[in-house]
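Please read the structure below before turning to the comments.
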Amino acid sequence: CDILWCSYQYEADTDPLDPGPYPDFCRALQRYQRCVDRISPGSCRGDLHYHSTKTVIPDLQRNYECERVLREENNPGPTRAVETTTRPSRNGGDNDSDSPGTNGRPPFFPDILSDAPETGGSQRCQYTGSRSFRHCGLFGD
Amino acid sequence: PHLRTFDDLFQTCKVAGAWPLIYNDYLTAQVTNVPLVHGSGATATNKLTVIIKPFRDGECAQRKLYQATAGNLPTTFDDGTITSGREEGVVIIEVIPGEHVEIHIRYIATLIVIRQVGRYITFAVRMPEELIQYQGAEDMQLCVKGCPVSEQIDYATFLSQTTRADRNYKELRVDAIAKCRKAKIYDEYLDSCVFDLLTTGDANFTQAAKSALTDVNRLHPNASFLFKNRTSVFENASFPGYRDIEGG
């Protein structure tokens, strides 16, 4: 269950943002939702983090009126009700597929996490094996 | 350095010189550890070498070399490129200039995190279990086999010493624990932070422990269970624990 990866990316996305009905924040929620939707539910059976996240994201999107905010963002009129006064995000805030700190390079966090193939590129370079992972680290003295 | 293996063994080791962390059909990672200047016996990592091996006739990756050394954390491979393979199966990402670089290897779903903290290098990796190759009894991969027994340091015993000749030792230890706790470091990472501060006095190692904790929380598949209790080895030890040292 890769929910921690999705949550990490969401935290990185929203770290420099003020929560609220702002386009940057709503886009981060959208990314979070897409990432969670890519996870196979079977791999998260009994994982409270996963199930609560599935519930919380739509709640936040409703609370912050994200549907309207993003619609107005795409069709700006002369009387926009929502001020977009967020601090600039780490990634510039307007690239839907950027990962934290990628400086505009190709997005790879979702690629590694996702079972779904990326659009474009060769399928031959997609990992299709087991998604059971291990970690190793070395630090200090 | 302090090592968490693929099997979650946590060790403190000497391992001076060059040692392999991982070698398999896809990549090789190797560290070089040097003695610290003041003769404490401790060593730290001042060089990391990663070799990406060719995959699918160069479609996903060509052979690439990445080398980080103390004072130089490159954002490219040795040949100046930031990707490898016609389909860019490998990408280097600079997260924080001079401090944090990541190598993403798409076709094996592997992520390598390299940091420079102070004058030393830290390493973390997440890779699929099925790709880890055990090389038998002669295996030297630190990530797979851990450090040889002769290279291991019993840091718990070291930290529990109360009869050191240094009259200030106890005060130093209380101070080190306070600094590491203040940085919100816990579990074995707290112990290693205290150990490093006591052996070197270099506050950069507090940051190294904090970064390692960040990486394990991000990369370990069971991090939320791993740190459920957030206890150090001292909590259940027979020697004086942190609470005793801190006077309750």
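Everything numeric here is computed off the predicted structure, so don't read it as measured data. Sequence lines set the chain letters: A, B, ... in the order given, protein chains first and strands last, and positions in each chain run from 1.
A centroid separation of 6.0 Å or more is found between the aromatic rings of A:Tyr64 and A:Tyr22. A distance of 6.0 Å or more separates the ring centres of A:Phe139 and B:Phe123.
Among residues at least two apart or in separate chains, there is no salt bridge (Lys or Arg N to Asp or Glu O under 4.0 Å) pair with a member in residues 196-213 of chain B.
With a threshold of 4.5 angstrom between heavy atoms, B:Leu219 approaches chain A through its backbone and through its side chain. For chain A, the nearby parts of B:Phe6 are the backbone and the side chain; heavy atoms of each come within less than 4.5 Å. When heavy atoms are compared at a cutoff of 4.5 Å, B:Val144 does not approach chain A at all. In this structure, the portion of B:Thr12 lying under 4.5 Å from any heavy atom of chain A is its side chain and not its backbone. Only the side chain of B:Leu21 has a heavy atom closer than 4.5 Å to any heavy atom of chain A.
Chain A forms the most heavy-atom pairs under 4.5 Å with one residue out of B:Ala124, B:Pro221, B:Pro128, and that residue is B:Pro128. Between chain A and the options B:Val117, B:Val216, B:Asp215, B:Asn33, the largest number of non-hydrogen pairs under 4.5 Å is found for B:Val216. The choice from B:Arg86, B:His100, B:Arg115, B:His220 that makes the most heavy-atom pairs within less than 4.5 Å of chain A is B:His220.
Two residues are said to be in side-chain contact when any heavy atoms from C-beta on lie closer than 4.5 Å; B:Leu131 and A:Tyr127 meet this criterion.
In this structure, A:Asp37 pairs ionically with A:Lys54, as a charged nitrogen and a carboxylate oxygen lie closer than 4.0 Å.
Shown here are the salt bridge (charged side-chain N to carboxylate O under 4.0 Å, His left out) partners of B:Asp7, two or more places apart in sequence or in another chain: A:Arg134.
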